[in-house]
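To keep things clear, I will list the structure first and then write my remarks on it.
Being a predicted model, the structure only gives us computed values, none of them experimental. Reckoned from all heavy atoms, side chains included, excluding hydrogens, waters and symmetry mates.
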Amino acid sequence: MKVKRLILVNGDEYEDVELFNNIPQEVDSVAPGQFIGVNASNYTVFLQREMIISLQVTQTFKVISS
């Protein structure tokens, strides 16, 4: 998912990045299912999902409920 702006609980901000769930086994084995990848043009970081407090996406989403 493309993200225009991502803000973490410690105040760090990332702009124009892509979030992904394909986490390497070495990282995921520390705390399974708790990490998300953040890919920018010149780096990739893996964050615990609970560190994210705000994100601004560039797409719109439809919520479908039954």
Rounded distance [0.5 Å steps], [atom1] in [X] versus [atom2] in [Y]:
{"X": "Y14", "Y": "I52", "atom1": "OH", "atom2": "CD1", "answer": "10.0 Å"}
{"X": "F35", "Y": "E50", "atom1": "CZ", "atom2": "CD", "answer": "9.5 Å"}
{"X": "I36", "Y": "M51", "atom1": "CD1", "atom2": "CE", "answer": "13.5 Å"}
{"X": "L55", "Y": "L6", "atom1": "CG", "atom2": "CG", "answer": "6.0 Å"}

message: By the side-chain hydrogen bond (donor to acceptor under 3.5 Å, both in side chains) test, which pairs, at least two apart or in different chains, include something from residues 16-26?
response: N21-R49
message: Is the shortest side-chain heavy-atom distance between V38 and F20 below 4.5 Å?
response: no
message: Could you check whether any side-chain heavy atom of M1 comes within less than 4.5 Å of a side-chain heavy atom of V57, counting everything from C-beta outward?
response: yes
- request: Specify the closest pair of heavy atoms between I23 and G37, including all atoms of both residues, with the distance to one decimal.
  value: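 In terms of heavy atoms, the two residues are closest at CD1-N, 3.4 Å.
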- prompt: Same hydrophobic cluster for V27 and V45, using side-chain heavy-atom links shorter than 4.5 Å among ILVMFWY?
  reply: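 No: no chain of side-chain contacts under 4.5 Å links V27 to V45.
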field: Donor-acceptor contact present, side-chain D28 to main-chain G33, <3.5 Å
entry: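 Here the side-chain-to-backbone pair exists.
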message: Enumerate the salt bridge (charged side-chain N to carboxylate O under 4.0 Å, His left out) contacts for residues 6-15, please, sequence neighbours excluded, ordered by first and then second residue.
response: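 Matches after skipping sequence neighbours: R5-E13.
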